[in-house]
Amino acid sequence: MIRVAVLGSTGSIGRQTLDIISSLPEQFRVIALAGGSNADLFRQQVERFQPALVNLASAGIEIGRDQRAEWAPLEDIAAHPDVDVVLVGTTGKVGLAPSLAALRAGKAVALANKEALVMAGAILTDTARRHGGQLRPVDSEHSAIWQCLWGEDPKSIRRLILTASGGALRDLPEDKLADVTPAQALHHPTWNMGAKITVDCATLFNKGLETIEARWLFDVPLGRIEVVQHRESIVHSLVEFSDGSVKAQLGLPDMRLPILLALTYPQRAAEPQTAPLNLAEVGKLHFSQIDAERYPLLGLAMEAGRRGGTNPAVVAAADEIAVQEFLAGRIRFTDIAPLVDSVLSKHGAVSDPDLEEILAADEWARRETEEMVTARA
């Protein structure tokens, strides 16, 4: 029995995780649930899974008298001795502290939160190494690379190649991007995800973050990590080795496969949770170079990763605020990249930051971005 804490249970990753757990009750037990702003859904999840520990980011939640769930801080949930795997399905910096707490306690962390590794990759990986914790990737791209590397000598890696669908706006003429509405940006052609990550897919900012994540997860320099556009989202990523061989992991675009694998590693589940891949039905797979001018946020994120220090935390925070402002209708889609660029340009980076300095850079970037948006109004 694998005992699981699900952080971000009311989000897209959290809901899919609980669907998997529901279908395999003999394999999993939910010890803790932590949700966001959807109190009604969270209450239903608590009633269904009967966790021992709960946490809701928004207003308090009434727990029925027949339920014994206790409220606990996220860090306490993540480090609880009854938890084997902590699924971090939150977005933003909120995932960082519980991820660190779980790794310090020697837990396995199934990480779907991009910002934690982007902000503090060196600290997270060092903490895992020193305390015997595990970082298990949940992003489909990193899960694909992870699987391709099983049984391989890390020294034989020549390149990591991440694939990108191009997002909801990939076929929209570039001169129409300034008029894009939030509804358009949220209509992803192949994946069903939360609002923030879907907008980041449309700008390809998510791929820039993923290159930084890959650098820490697999200890490969950023100069050997590339991104290629792949419209069908069937090939989730590839690894090229020193002898020229290339391995790829394929599957239909369904997050349940990487989620399940992160929960059950080093075993694979006996029963599939996703539809089988029929390549004859797929027919063709297309790959192309990324248009850097169309997707400036990809380059900005990768440049922040190359600079290192507090720069990745700054671009992640600036983008988070800029996306919020776009979804609220206060800025245009094409304003996101210039805002992030301006904030990064103003940042006085710390080259080898501790956690306090990283969090300070994050807070500074959020305030700076908000002030820039206000000044534009």
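- L169 and L339 fall within the same hydrophobic cluster, where Ile, Leu, Val, Met, Phe, Trp and Tyr residues are linked whenever their side-chain heavy atoms come under 4.5 Å apart, directly or through other members.
- Judged by distance alone, with hydrogens and angles left aside, the side-chain atoms of H230 form no donor-acceptor pair with the main-chain N or O of H236 at under 3.5 Å.
- Taking 4.0 Å as the cut-off between side-chain N and carboxylate O, D362 and R367 do not count as a salt-bridged pair.
- In summary, D179 and R332 do not engage in a salt bridge, as defined by a charged side-chain N under 4.0 Å from a carboxylate O.
- Salt bridge E325/R330: present, at least one basic N to carboxylate O contact under 4.0 Å.
- P338 has its side chain within reach of R376: a pair of non-hydrogen atoms, C-beta onward, lies under 4.5 Å apart.
- Considering only residues two or more places apart in sequence or on other chains, K114 meets the salt bridge (charged side-chain N to carboxylate O under 4.0 Å, His left out) condition with D139, E210, E213.
- Checked for salt-bridge contact, K196 and E320 miss the test: no charged N lies under 4.0 Å from a carboxylate O.
- Under the 4.0 Å criterion applied to side-chain N and carboxylate O atoms, E240 and K247 are not assigned as salt-bridge partners.
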If you apply the rule ring pair (Phe, Tyr, Trp, His ring centres under 6.0 Å), what do you find for W146 with F218, and how did you get there? CA-CA 8 Å; W146 187 39; F218 308 113; 8.4 Å; no
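- In summary, D153 and K155 do not engage in a salt bridge, as defined by a charged side-chain N under 4.0 Å from a carboxylate O.
- Between E47 and R43 no salt bridge is recorded (no basic side-chain N to carboxylate O distance below 4.0 Å).
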